[in-house]
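A, B, ... follow the sequence lines: proteins, then strands. Residue 1 opens every chain.
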Protein chains: 2
Amino acid sequence: MTLMKTELKVVIIGAGRVGFHLAKRLFEVGIPVSQIFSRQQIKANKLANLIQAEPISDLSKVSKDADLCILAVSDDAITEVAKKLSKILKKDSFLVHTSGATSSAVFEEHFKRYGILYPLQSFSIEKKPDFSNIPICIDSQNPLDLAFLTEIANEIGPKVYYIDDSQRQFLHVSAVFVNNFVNHLYFLGKEILDEEEISMELLKPLIIETANKIIDNDPKAMQTGPAIRGDTTTINAHLELIKNKAEIHKLYQYITKSIQKHHS
Amino acid sequence: MTLMKTELKVVIIGAGRVGFHLAKRLFEVGIPVSQIFSRQQIKANKLANLIQAEPISDLSKVSKDADLCILAVSDDAITEVAKKLSKILKKDSFLVHTSGATSSAVFEEHFKRYGILYPLQSFSIEKKPDFSNIPICIDSQNPLDLAFLTEIANEIGPKVYYIDDSQRQFLHVSAVFVNNFVNHLYFLGKEILDEEEISMELLKPLIIETANKIIDNDPKAMQTGPAIRGDTTTINAHLELIKNKAEIHKLYQYITKSIQKHHS
């Protein structure tokens, strides 16, 4: 099968961070996005303008003959949007969503052909993502649909992975640890410095280096610090410094214990 | 005051990661390191060889007329080494240590001139550090010594900060959060994936992007994920997935609560 990509009709539902960057990327690689849906007409117009698509803010206007309908909406909206689309699209339409957290089963009740197109990255509107480096996780029950999705994904970027619903769930919880939770630790680190009027600039090279080390090393081998050394003097000195921040204090103790448990 | 750097006599005590890279950097910028001490003669020889220094493994051989003696030893060894050096060096010798966690007061009992030269980075022996980007935190009670240390630090790199003992303590606890604790979250993320035989490669671009976002943004504004959204459905699904890993489960709940508390 060779993709006649210029003849495809792709519809993107959602003009948030994921919808925005996926739409721009598809346009960039020559896959036409025929329609962009956003509940906010202005948002739809703005994105559609950039990629020569039709902006729509009324779901009933979605093309019935789209080859692929990408739901790039928030997790709590996927089920509802899929249900609405079931009354608009043909039963044999092909739908995917872009979420790490939601099962592909949300489509099952309404459609025969469905799948996942989950780009595993944290997008910002302002920053152009580097798709040459972003894992594109795909899945579909139907081999032909999966083959089609593979071709689309390979156009988006070179790092395409087959990840089923169960794996994707674990991947998502793991992403929460290394992204959401890590960012919270950056925030707490800044909180501690702010009170002492010390600039966060001082920690930035350390933050980058800590992340970069993971590229070529197992995090287990990279663990350093007072917890793994069992350096009780330093641990107690730290706890004393943050004793007035009850909750940061508790988190320090808890993560220290966790490090010691996993490395004992 | 202009530093006649080629006439200086710098002694480095310790050939671990910090001693290794500081010694190489000083040599690189034309500040001669006259002696390298390591308890392991082989380690001293190896490093000394690289930078045309004299290797020693006997503290009593330290030059009495060194302009600067840098203690790049572990926190628990600083006090003992300072005490031993007090019986070898002249009372007016100038000593600094490179630790984020230890007070400069460890020198007080034995020496009149002392300070801190703390490069805030996580070093690896194999990887050449980029000193153009590493904060060099310095301090000394004596204005002349501080001026001298400033000149040395400015040769090492352009990012020189005056950080007193109290600030350095807070900086160090904060560094534990964004380095040691963050690395532990990378480790836990990998633990979750390993059990499902999913490659850590999938998370690496996300890890790098999460760190890079901090360069130009406040971590508070960058917080995303189910915790800050109050997305109980996803949080409960995640907790169900990791329910057999009691301790990771507890940490997930605890950090989630912490995020919700700080962003409410």
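Only the side chain of B:I163 comes within less than 4.5 Å of a heavy atom in chain A; its backbone stays farther off. Only the side chain of A:K127 comes within contact range of chain B, with heavy atoms under 4.5 Å apart. Both the backbone and the side chain of A:N179 come within contact range of chain B, with heavy atoms under 4.5 Å apart. In this structure, chain B has no heavy atom under 4.5 Å from any part of A:R168. Interface remark: A:I228 contributes no atoms to any contact with chain B (heavy atom separation under 4.5 Å). Using a 4.5 Å cut-off between heavy atoms, A:E195 does not touch chain B at all. For A:I198, the part lying near chain B is the side chain, with the backbone staying farther off; criterion is any non-hydrogen pair under 4.5 Å. Only the side chain of B:L188 comes within less than 4.5 Å of a heavy atom of chain A; its backbone N, CA, C and O stay farther away. Both the backbone and the side chain of B:N212 come within less than 4.5 Å of a heavy atom of chain A. Using a 4.5 Å cut-off between heavy atoms, B:P226 touches chain A through backbone and side chain atoms alike.
Residues A:T210 and B:N183 bring no donor and acceptor atom of their side chains to less than 3.5 Å of each other. Checked by atom type, the side-chain pair A:E247/B:S258 shows a donor-acceptor distance below 3.5 Å.
Taking a 6.0 Å sphere around NZ of A:K245, one finds it holds more than 12 heavy atoms contributed by other residues, nucleotides or ligands. Other residues, nucleotides and ligands contribute at most 12 non-hydrogen atoms within 6.0 Å of the CD atom of A:Q141. The environment of CZ in A:R229 is crowded: more than 12 heavy-atom neighbours from other residues, nucleotides or ligands sit within 6.0 Å.
Aromatic ring centres of A:H97 and A:F107 lie closer together than 6.0 Å.
For the options A:E191, A:K159, A:K204, heavy-atom pairs under 4.5 Å to chain B are most numerous at A:K204. Each of B:L120, B:I248, B:I242 has some count of heavy-atom pairs under 4.5 Å with chain A, and the biggest count is that of B:L120. Among A:K220, A:Q169, A:H184, A:E197, the residue with the largest count of heavy-atom pairs under 4.5 Å with chain B is A:H184. The choice from A:H263, A:M200, A:K213 that makes the most heavy-atom pairs within less than 4.5 Å of chain B is A:K213. Comparing A:K257, A:E201, A:K190 by heavy-atom pairs within less than 4.5 Å of chain B, the highest count is held by A:K190. The choice from B:N133, B:I214, B:I208 that makes the most heavy-atom pairs within less than 4.5 Å of chain A is B:I214. Between chain A and the residues B:A101, B:S74, B:G189, B:A237, the largest count of heavy-atom pairs under 4.5 Å involves B:G189. Annotation: maximal heavy-atom pairing with chain B below 4.5 Å, among A:N217, A:T256, A:I134, A:V178, occurs at A:V178. Counting heavy-atom pairs under 4.5 Å between each of B:L185, B:L202, B:V182 and chain A puts B:L202 at the top. In terms of heavy-atom pairs under 4.5 Å with chain B, the best-connected choice from A:D130, A:T234, A:D76, A:L193 is A:L193. Contacts with chain A were tallied for B:S122, B:S199, B:A227, B:C137; B:S122 has the most, counting heavy-atom pairs under 4.5 Å.
Listed for the B:D165 side chain is a donor-acceptor partner under 3.5 Å among the backbone atoms of B:S104. Checking side-chain atoms of A:T98 against main-chain N and O of A:Y118 turns up no donor-acceptor pair under 3.5 Å. Remark: the backbone N or O of B:L241 is not paired with any side-chain donor or acceptor of B:H249 at under 3.5 angstrom.
Every side-chain contact (heavy atoms from CB on, under 4.5 Å) that B:Q40 has, sequence neighbours left out, goes to B:S38, B:K43.
Of the inter-residue distances, the one linking B:D218 atom CG with B:Q223 atom CD reads 11.0 Å to the nearest 0.5 angstrom. Taken from CD1 in A:I259 to NZ in A:K261, the straight-line distance is 13.5 Å, to the nearest 0.5 Å.
For the pair A:Q167/A:Y161, no side-chain contact is recorded, criterion being any heavy-atom separation below 4.5 Å from C-beta on.
Taking the six-membered ring where tryptophan is involved, the planes of A:F187 and B:H262 are perpendicular, since the angle between them exceeds 60° and thus also 30°.
At a threshold of 4.0 Å, the pair B:K83-B:E80 does not count as salt-bridged, since none of the basic side-chain nitrogens sits closer than that to a carboxylate oxygen.
Inspection of non-hydrogen atoms places B:F170, B:L171, B:H172, B:V173, B:S174, B:A175, B:V176, B:F177 of residues 170-177 of chain B under 4.5 Å from chain A.
For the side-chain contact (heavy atoms from CB on, under 4.5 Å) criterion with A:I138, the lone passing option out of A:I116, A:I152, A:V160 is A:V160.
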